[in-house]
Engineer: 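Below are the structure tokens for one structure; questions will follow.
Labels below follow one simple rule: chain letters A, B, ... track the order of the sequence lines, proteins then strands, and each chain is numbered from 1. These values consider heavy atoms only, across backbone and side chains, with no hydrogens, waters or symmetry-generated copies.
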Amino acid sequence: MLIAYIKPIFQKALALTNVQSNVPLIFESPKNSENGDLSTNIAMRLAKELKQQPRSIAEHLISLLEYDNELISKVEIAGTGFINIYFTEKFFINALNTIIQSGDQYGRSKAGKGLKVNVEYVSVNPTGLLHLGHGRNAVIGDTVANLFEWTGHEVTREYYFNNAGNQMNNLAKSIYARYRQIMGDQDYPFPEDGYHGEYIKEIAQELYEINADSLSDENEDNLIQCRKFGENWCFGKIKATLERMKIHQEVYYNEDSLYSSGKIESVINDLRSRGWVYEKDGALWLALSQFGLKDDRVIVKSSGEPTYRLPDIAYHREKFLRGFDILVDVFGADHIATVPDVLAAIAALGFDKDKVKVLIHQFVTLTENGEQVKMSKRTGKSYTLDELLDEVGADVVRFFLLMRGISTHLEFDLSLAREQSDKNPVFYLQYAHARISSVFDTARERGINYETNPDISILSHITEFNLIKSIIQFPKIISLAKDKCEPMILADYLRSLAADFHFFYHECRIIGSESALMHARLQLALTTKIVIKNGLTILGISAPERM
RNA sequence: GCGCCGGUAGCUCAGUUGGAUAGAGCAUCAGCCUUCUAAGCUGAGGGUCAUUGGUUCGAGUCCAAUCCGGCGUACCA
């Protein structure tokens with residue numbers, strides 16, 4: 001909002017100097033508020049090109065600025081050549097008034113112009129339960145999808161899965177072995193690379209309760225029964241867990257359909273006709289080295305089966321053909337190897353690979369009292385997401401998984417997450433929201449008629465203006481978080497906004513102040529409440545009225 | 001070996017296309033509730049930004065090398 005006002009003024013002044021330069025005009029908010037509301041280093045950056053002193057360039061530039069004295073109080077040179085801009089209280093009051101007009105839609109924009117975005121996340125095959133790492137993937141994908149929605153994109157949330165192939169047979173064999181063991185066949189061998197989790201026993205138990213001994217013959221049909229039952233069981237659990245995390249995906253894309261609909265074949269033909277594949281040792285190779293990659297890779301094995309790369313390529317091609325303008329993939333760090341291959345292949349097929357945004361998040365470790373938690377009694381593997389949700393709830397899980405940057409290793413502190421107190425950062429945000437609600441409850445109890453459009457120009461306290469300055473950043477923060485696909489930016493902002501509110505609340509009485517001032521402050525509180533609520537909604541976290 | 005991610009306060013992490021005195025939470029210590037929710041607020045201490053060199057008006061940020069940690073590196077998915 002500040003930049004939108006000041007930038008054209010500087011551009012106009014720069015034009016008057018007749019300086020032709022590629023140096024970008026950048027404004028930033030100084031860390032120290034004594035250095036103004038905005039600052040630009042343009043004079044320093046021009047100094048080299050113009051071979052003049054930064055300060056004299058700055059001086060000249062400032063003399064050419066034409067601005068409204070009612071909105072900007074001063075523009076001055078500081079340090080070695082920064083130009084610092086100070087806005088007036090009136091400017092901020094005007095800005096707040098504009099925000100009030102947009103009501104609870106504040107923060108939404110149409111910047112995306114309805115571009116179609118596909119966000120693919122979770123994408124776990126139905127062979128097991130979700131654990132903490134999947135949770136991070138899920139929450140990042142969901143929040144990024146929300147960010148695209150709030151910035152005016154048309155978003156499809158998609159889950160890509162494979163219920164065919166070896167891993168599913170493996171699941172079937174694992175279930176079957178447990179089933180036989182339940183039947184009393186204690187020594188029935190468990191497959192060597194089977195799924196060892198306790199949940200397999202649960203599945204087998206349920207299967208047994210339904211079918212009793214009727215599946216005892218070790219034949220193809222009975223294995224298929226096990227597979228089907230296991231798939232449904234796992235998918236049911238996965239979806240239920242996602243539901244608890246408030247995650248709803250509208251498209252479940254089955255990898256198998258790529259084969260049955262001939263899309264695998266068609267991508268091979270496409271690559272072949274463009275000359276990017278060749279045969280060697282009985283296998284089909286993709287000539288990735290022609291795209292600057294180190295090695296060529298096999299896409300169809302000599303056995304005739306495709307490697308995992310091929311369906312991945314076909315799937316991405318398919319997403320483009322379905323008409324998406326932007327593809328977002330959310331992967332864990334262990335999937336990184338396939339990314340360059342797929343992107344290169346997509347480019348080879350004539351699509352713009354810059355439209356694919358691959359978000360790779362690092363791993364999550366769970367700690368308790370400073371020690372790593374590895375084992376869980378239930379699964380024998382790692383804490384499941386469900387167990388975590390049981391313990392601390394969806395709001396805490398989501399926030400903890402979002403409050404760190406995607407590319408950094410995340411330590412999930414279970415002791416802190418369990419803490420229902422001031423130590424827990426989630427409650428700090430939610431408390432600010434509840435506190436505002438409570439002010440309005442009190443107002444209602446005392447029969448105060450809240451004015452819908454009070455005169456807010458009466459506001460003058462420093463904490464009031466700090467809060468306003470924070471509030472007007474909101475759209476910029478959303479847009480930044482969306483551009484970088486980094487939910488942490490929003491989580492961080494909300495924390496500092498909540499802090500600004502708490503400072504204000506501490507310093508300024510709302511109810512009990514003189515009437516005009518009280519109404520202005522109520523309006524300020526209400527606007528803050530909307531921002532916190534909208535911000536938490538994007539993060540998928542509830543904004544309680546009472547705590 | 002090669003590739004990707006990371007190394008910033010005791011701990012967990014921010015640090016906006018290179019900017020002014022490197023920040024937050026937790027932990028530690030000292031304060032603030034007869035008044036709208038103390039899940040709050042105020043203050044203090046705490047740093048070789050892994051190491052070394054380079055680029056420039058200016059480096060936590062860019063470049064190079066080295067060290068440490070994580071994850072990859074199949075005709076497995």
Engineer: Which part of the nucleic acid does A:Asp295 contact within heavy-atom distance under 4.0 Å: base, sugar-phosphate only, or nothing?
Structural biologist: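 Touches nothing.
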
Engineer: Main chain of A:Leu171, side chain of A:Thr127: is a donor-acceptor contact present, judged purely on distance under 3.5 Å?
Structural biologist: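 No, the answer is negative, given that no donor and acceptor are paired below the 3.5 Å cut-off.
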
Engineer: Have a look at A:Arg546 and say if it touches a base, only the backbone sugar-phosphate, or nothing, with a 4.0 Å heavy-atom cut-off.
Structural biologist: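 Since a base atom lies under 4.0 Å of A:Arg546, the category is base.
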
Engineer: If you assign each of A:Glu486 and A:Thr442 to its closest nucleotide in RNA chain B, which residue comes earlier from the 5' end?
Structural biologist: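 Counting from the 5' end, the first nearest nucleotide belongs to A:Glu486.
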
Engineer: How would you label the glycosidic angle of B:rC33: syn (within 90° of 0) or anti?
Structural biologist: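 Base orientation relative to the sugar is syn.
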
Engineer: Base, sugar-phosphate, or nothing for A:Ser39, non-hydrogen atoms under 4.0 angstrom?
Structural biologist: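 If one applies the 4.0 Å heavy-atom cut-off, A:Ser39 turns out to touch a base.
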
Engineer: Under 4.0 Å, heavy atoms only, any strand: does A:Asn84 hit a base, just the sugar-phosphate, or nothing?
Structural biologist: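 Base contact - A:Asn84 has a heavy atom under 4.0 Å of at least one base atom.
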
Engineer: Just one of A:Leu536, A:Val426, A:Leu494 clears the side-chain contact (heavy atoms from CB on, under 4.5 Å) bar with A:Phe399, so which one?
Structural biologist: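 Single side-chain contact (heavy atoms from CB on, under 4.5 Å) partner of A:Phe399 among A:Leu536, A:Val426, A:Leu494: A:Val426.
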
Engineer: Decide side chain to side chain contact (heavy atoms under 4.5 Å, CB included) for A:Ile299 and A:Leu271; before the verdict, give the C-alpha distance in whole Å, the side-chain angles of both, and the deciding distance to 0.1 Å.
Structural biologist: CA-CA 11 Å; A:Ile299 54 172; A:Leu271 286 167; 4.2 Å; yes

Engineer: When rounded to the nearest 0.5 angstrom, what distance separates OH in A:Tyr315 from OH in A:Tyr160?
Structural biologist: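 So the gap between those two atoms works out to 7.0 Å.
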
Engineer: Classify the nucleic acid contact of A:Ser407 as base, sugar-phosphate or nothing, counting any heavy atom under 4.0 Å across all strands shown.
Structural biologist: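 Result for A:Ser407 = sugar-phosphate.
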
Engineer: Write down the distance separating the C1' atoms in B:rC13 and B:rA74, rounded off to the nearest Å.
Structural biologist: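 So the two C1' atoms sit 37 Å from each other.
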
Engineer: Could you work out the separation of B:rC57 and B:rC49 based on their P atoms and round it to a whole Å?
Structural biologist: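 Those two atoms are separated by 23 Å.
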
Engineer: For B:rC57, which nucleotide is its Watson-Crick or G-U wobble mate, given both distances must be under 3.5 Å?
Structural biologist: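 Base partner found: B:rG19.
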
Engineer: Under 4.0 Å between any heavy atoms, over every strand shown, what does A:Phe427 touch: base, sugar-phosphate, or nothing? Just pick one.
Structural biologist: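 If one applies the 4.0 Å heavy-atom cut-off, A:Phe427 turns out to touch a base.
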
Engineer: Just call it for A:Gly405: base, sugar-phosphate, or nothing, with non-hydrogen atoms closer than 4.0 Å on any strand.
Structural biologist: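 Sugar-phosphate only.
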
Engineer: Given the P atoms of B:rU35 and B:rU16, what is the spacing between them in whole Å?
Structural biologist: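 That atom pair is separated by 43 Å.
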
Engineer: Heavy atoms only, 4.0 Å cut-off, all strands: where does A:Ala337 land among base, sugar-phosphate and nothing?
Structural biologist: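 Touches sugar-phosphate only.
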
Engineer: Check every strand shown and say whether A:Tyr428 touches a base, only sugar-phosphate, or nothing at a heavy-atom separation below 4.0 Å.
Structural biologist: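 Answer is sugar-phosphate: A:Tyr428 comes under 4.0 Å of backbone atoms only.
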
Engineer: Quote, to the nearest angstrom, the P distance that separates B:rA44 from B:rG23.
Structural biologist: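 It comes out at 13 Å once rounded to the nearest Å.
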
Engineer: Indicate whether the side chain of A:Asp329 and that of A:His335 have a donor and an acceptor atom separated by less than 3.5 Å.
Structural biologist: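 On atom types as modelled, these side chains do not qualify, holding no pair under 3.5 Å.
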
Engineer: Looking across every strand, which nucleic acid part, if any, lies under 4.0 Å from A:Gln473 by heavy atom: base, sugar-phosphate, or nothing?
Structural biologist: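 Nothing, no nucleic acid heavy atom in range.
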
Engineer: Under 4.0 angstrom, heavy atoms only, what part of the nucleic acid is A:Phe440 near: base, sugar-phosphate, or nothing?
Structural biologist: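 Nothing, no heavy atom under 4.0 Å.
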
Engineer: One thing to verify: whether A:Asp441 and A:Arg546 come together as a salt bridge, which I'm taking to mean a side-chain N less than 4.0 angstrom from a carboxylate O.
Structural biologist: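 Looking at A:Asp441 together with A:Arg546, the answer is yes, because their closest N to O distance falls below 4.0 Å.
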
Engineer: Classify the side-chain pair A:Tyr383/A:Glu368 by whether it contains a donor and acceptor separated by less than 3.5 Å.
Structural biologist: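 A:Tyr383 vs A:Glu368: no donor-acceptor pair found between side chains.
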
Engineer: So what does A:Asn41 touch, heavy atoms closer than 4.0 Å: a base, only the sugar-phosphate, or nothing?
Structural biologist: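 Answer is base: heavy atoms of A:Asn41 come under 4.0 Å of a base.
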
Engineer: Tell me which nucleotide, if any, is Watson-Crick or G-U wobble paired with B:rA77 when both distances must be under 3.5 Å.
Structural biologist: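 By the stated definition (distances under 3.5 Å), nothing pairs with B:rA77.
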
Engineer: With rounding to the closest Å, how many angstrom separate the C1' atoms on B:rA50 and B:rA9?
Structural biologist: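 15 Å, rounded to whole Å.
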
Engineer: Does B:rG40 pair with anything, Watson-Crick or G-U wobble, both distances under 3.5 Å, and if so, with which nucleotide?
Structural biologist: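 Pairing partner, where one exists within any strand: B:rC32.
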
Engineer: Map A:Asn32 and A:His506 onto RNA chain B by nearest heavy atom, then report which one ends up closer to the 5' terminus.
Structural biologist: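 Looking at the nearest nucleotide for each, A:Asn32 comes out on the 5' side.
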
Engineer: Counting the atoms with a prime plus P, OP1 and OP2 as sugar-phosphate, which does A:Asp413 contact under 4.0 Å by heavy atoms, base, sugar-phosphate, or nothing?
Structural biologist: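 If one applies the 4.0 Å heavy-atom cut-off, A:Asp413 turns out to touch nothing in the nucleic acid.
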
Engineer: Hey, where on RNA chain B does chain A first and last touch, going 5' to 3'? Cut-off is any atom under 4.0 Å from a heavy atom.
Structural biologist: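 Footprint of chain A along RNA chain B, 5' to 3': B:rC4 to B:rA77.
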
Engineer: Quick one: look up who B:rC4 pairs with, Watson-Crick or G-U, both distances under 3.5 Å, and put none if it's unpaired.
Structural biologist: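 Matched B:rC4 with B:rG70 under the 3.5 Å cut-off.
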
Engineer: How is A:Thr367 classified with respect to the nucleic acid when contacts are heavy atoms under 4.0 Å: base, sugar-phosphate, or nothing?
Structural biologist: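 Nothing, no heavy atom under 4.0 Å.
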
Engineer: Could you measure between the two P atoms, the one in B:rG18 and the one in B:rU61, and give it in whole Å?
Structural biologist: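 Each nucleotide's P atom is 12 Å from the other's.
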
Engineer: Between B:rA22 and B:rG46, how many Å separate the two C1' atoms, rounded to a whole number?
Structural biologist: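 Comparing C1' positions in B:rA22 and B:rG46 gives a spacing of 14 Å.
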
Engineer: Would you call A:Lys319 and A:Glu158 a salt bridge, using N to O less than 4.0 angstrom?
Structural biologist: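 A:Glu158 and A:Lys319: not salt-bridged.
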
Engineer: If we take the P atom in both B:rA38 and B:rU51, what is their distance in whole Å?
Structural biologist: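 One P to the other, the span is 44 Å.
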
Engineer: A:Tyr159 vs A:Phe235 aromatic rings, parallel, tilted or perpendicular, using cut-offs 30° and 60°?
Structural biologist: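 Aromatic pair A:Tyr159/A:Phe235 classed tilted.
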
